[in-house]
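What follows is a set of notes on a single structure, which appears directly below.
Keep in mind that what you see is a predicted model, and the values were worked out from it rather than measured. A, B, ... follow the sequence lines: proteins, then strands. Residue 1 opens every chain.
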2 protein chains.
Amino acid sequence: MIIRIDELSDVPIYMQIRNQIVMGISSGELAAGEQLPTVRALAMEIGINTMTVSKAYQLLKTEGYIMTDRKNGARVRTQIQKKGSIPESNKTELRRIVSEARISGVEKAEIIALVDEYWR
Amino acid sequence: MIIRIDELSDVPIYMQIRNQIVMGISSGELAAGEQLPTVRALAMEIGINTMTVSKAYQLLKTEGYIMTDRKNGARVRTQIQKKGSIPESNKTELRRIVSEARISGVEKAEIIALVDEYWR
DNA sequence: GCCGTGTATTGCGCGATATAATACAAAAGT
DNA sequence: ACTTTTGTATTATATCGCGCAATACACGGC
């Protein structure tokens with residue numbers, strides 16, 4: 001899986017990595033049990049520090065998305081815990097996005113279409 | 001309009017203010033041309049620094065949501081520019097939210113319902 | 001042993017955030 | 001004219017998150 005970092009973004013690098021892996025799992029690009037690149041390999045590939053990748057992996061581990069194993073590296077968890085609800089922070093974010101789109105004249109159907117697209 | 005600040009949030013205070021005003025405009029709670037509280041009044045009410053509120057107002061002004069006038073204070077713009085498209089950053093955020101929800105076992109209909117709710 | 005994992009540590013620099021304390025320019029009220 | 005109130009600018013300070021650098025450690029295969 002290819003990780004792309006946007007240096008202009010205000011989202012921290014370790015968060016961008018975390019987010020892209022989460023989206024990869026959701027889309028199926030990253031299968032359950034699949035090997036993730038090693039922290040050093042990914043850091044080298046992207047051109048960033050090792051600890052930054054490690055920070056992303058630790059976050060993913062804490063959130064239950066992946067498992068880290070000495071010495072097999074990191075793998076996508078086969079059993080990911082399902083909370084079954086959307087956290088308040090994400091609801092607030094969604095509301096902000098919807099509000100901004102509405103004000104700027106975007107059709108509601110367009111947002112629904114995006115949700116549909118990202119759901120696959 | 002009542003502004004509530006979550007000190008535990010990682011979202012900066014000035015950004016929380018900005019977001020809530022944008023959502024207020026979208027929902028209609030803040031009508032076009034409506035007076036906003038003065039920076040000092042809002043700062044006093046929330047219990048924060050004056051410049052923090054000013055920073056939120058400056059951002060809203062730059063984005064075209066409000067107008068600031070010496071000495072009438074700040075008002076919601078009557079003509080807000082409609083870009084007509086969703087910025088990439090918001091699309092990425094939306095995709096992240098959808099992905100996380102999907103993994104955690106949330107139904108797609110639930111997200112659609114939230115979009116519907118926030119759209120009003 | 002050796003090597004490759006993730007991880008911990010220490011230190012550093014940088015920028016964003018938020019505060020405090022003043023001060024200023026402009027417009028309205030008296 | 002003077003005062004008041006508005007947003008805004010300035011200067012300084014403290015804190016925190018982020019990212020990097022350089023090392024080192026614990027563990028488990030080979």
Side-chain angles (χ1 to χ4, degrees), chain A residues 1 3-21 30 33-78 89 92-93 96, chain B residues 1 3-21 30 33-77 89 92 96:
Chain A
M1 181 189 185
I3 306 284
R4 297 183 202 281
I5 300 301
D6 180 8
E7 318 85 13
L8 301 180
S9 172
D10 54 336
V11 181
I13 298 178
Y14 81 95
M15 206 57 162
Q16 292 188 42
I17 298 174
R18 176 266 181 197
N19 289 342
Q20 290 185 39
I21 291 180
L30 289 177
E34 181 167 340
Q35 279 281 351
L36 293 177
T38 67
V39 290
R40 288 176 179 81
L42 185 52
M44 178 76 76
E45 178 187 344
I46 306 180
I48 61 173
N49 191 276
T50 312
M51 294 311 297
T52 304
V53 180
S54 177
K55 195 172 179 180
Y57 279 15
Q58 287 182 56
L59 179 55
L60 287 163
K61 179 182 175 184
T62 302
E63 293 177 316
Y65 288 114
I66 68 172
M67 284 185 48
T68 67
D69 197 5
R70 289 195 179 89
K71 117 113 183 190
N72 286 328
R75 289 194 231 90
V76 178
R77 290 197 64 163
T78 50
S89 55
T92 305
E93 268 296 282
R96 177 190 63 79
Chain B
M1 182 188 185
I3 307 283
R4 298 184 202 281
I5 300 301
D6 181 8
E7 317 85 12
L8 301 180
S9 172
D10 54 336
V11 180
I13 296 178
Y14 81 96
M15 207 56 165
Q16 291 189 40
I17 297 174
R18 177 266 181 197
N19 290 342
Q20 291 186 38
I21 290 179
L30 289 177
E34 182 169 337
Q35 280 281 350
L36 293 177
T38 67
V39 289
R40 289 175 179 82
L42 186 51
M44 178 77 75
E45 178 187 344
I46 306 180
I48 60 173
N49 193 275
T50 311
M51 295 310 297
T52 305
V53 179
S54 177
K55 195 172 179 181
Y57 278 17
Q58 287 182 55
L59 179 56
L60 287 163
K61 179 182 173 184
T62 302
E63 293 176 316
Y65 289 114
I66 68 173
M67 284 186 48
T68 66
D69 196 7
R70 288 196 179 91
K71 116 111 184 189
N72 286 328
R75 291 193 229 89
V76 178
R77 290 197 65 162
S89 55
T92 305
R96 178 191 62 80

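Residue A:Y14 has a polar side-chain atom (N or O) positioned under 4.0 Å from OP1 or OP2 of D:dC18. Checking the phosphate oxygens (OP1, OP2) of D:dT4, no side-chain nitrogen or oxygen of B:K71 falls inside 4.0 Å. Here A:K55 does not reach the OP1 or OP2 of C:dT7: none of its side-chain N or O atoms lies under 4.0 Å away. One finds no side-chain N or O of B:N72 lying less than 4.0 angstrom from the OP1 or OP2 phosphate oxygen of D:dT6. Contact annotation: B:T52 side-chain N/O to C:dT19 OP1/OP2 distance is under 4.0 Å. In this structure, B:S54 does not reach the D:dA9 phosphate: none of its side-chain N or O atoms is under 4.0 Å from OP1 or OP2. B:T68 has a side-chain polar atom (N or O) that falls below the 4.0 Å cut-off from OP1 or OP2 of D:dT8.
Here OG1 of A:T68 is found 10.5 Å from CZ of A:R77. Values are rounded to the nearest 0.5 Å. We find the CG-CD1 distance between A:L36 and A:I3 to be 8.5 Å, quoted to the nearest 0.5 Å. Distance CD1/A:I21 to CD/A:E34: 10.5 Å, rounded to 0.5 Å.
At least one side-chain heavy atom of A:I17 sits under 4.5 Å from a side-chain heavy atom of A:I46.
Atoms CZ (A:R18) and P (D:dG19) sit 15 Å apart, rounded to a whole Å. We find that CD1 of B:I46 is positioned 13 Å from C1' of C:dA18, with the value rounded to whole Å. Taking atom CZ of B:R70 as the reference point, atom P of C:dC24 lies 14 Å away to the nearest angstrom. One atom, CD of A:E7, and another, C1' of D:dC18, lie 15 Å apart when rounded to the nearest Å. The CG-C1' distance, from B:L60 to D:dG7, rounds to 14 Å in whole Å. The distance from atom CG of B:L8 to atom P of C:dT17 is 18 Å, rounded to the nearest whole Å. One atom, CE of A:M67, and another, C1' of C:dT5, lie 14 Å apart when rounded to the nearest Å. Taking atom CE of A:M44 as the reference point, atom C1' of D:dA21 lies 14 Å away to the nearest angstrom.
Mapping A:D69 and A:P12 onto DNA chain D via the closest heavy atom, the residue that lands nearer the 5' end is A:P12. Checking A:G47 against B:G73, the closest nucleotide of DNA chain D that is more toward the 5' end is the one next to B:G73.
Here D:dG7 is the nucleotide among D:dC20, D:dG7, C:dT19 with the atom lying nearest to any side-chain atom of B:Y57. The side chain of B:M51 lies closest to D:dA9 when the candidates are C:dT7, D:dA9, C:dA23. Taking only side-chain atoms of B:I13, from C-beta outward, the nucleotide of D:dC18, C:dT19, C:dT7 with the closest atom is C:dT19. Nearest to the side-chain atoms of B:Q58 among the listed nucleotides D:dT8, C:dA18, C:dG6 stands D:dT8. Comparing D:dG7, C:dT19, D:dC18 against the side chain of B:N49 picks out C:dT19 as the nearest.
Side-chain contact of A:Q58 with A:S54: a donor-acceptor pair under 3.5 Å is present, judged by distance alone.
For the pair B:Q35 (side chain) and B:G73 (backbone), a donor-acceptor distance under 3.5 Å is absent.
A donor-acceptor contact under 3.5 angstrom links the side-chain atoms of A:R40 to the base of C:dG6.
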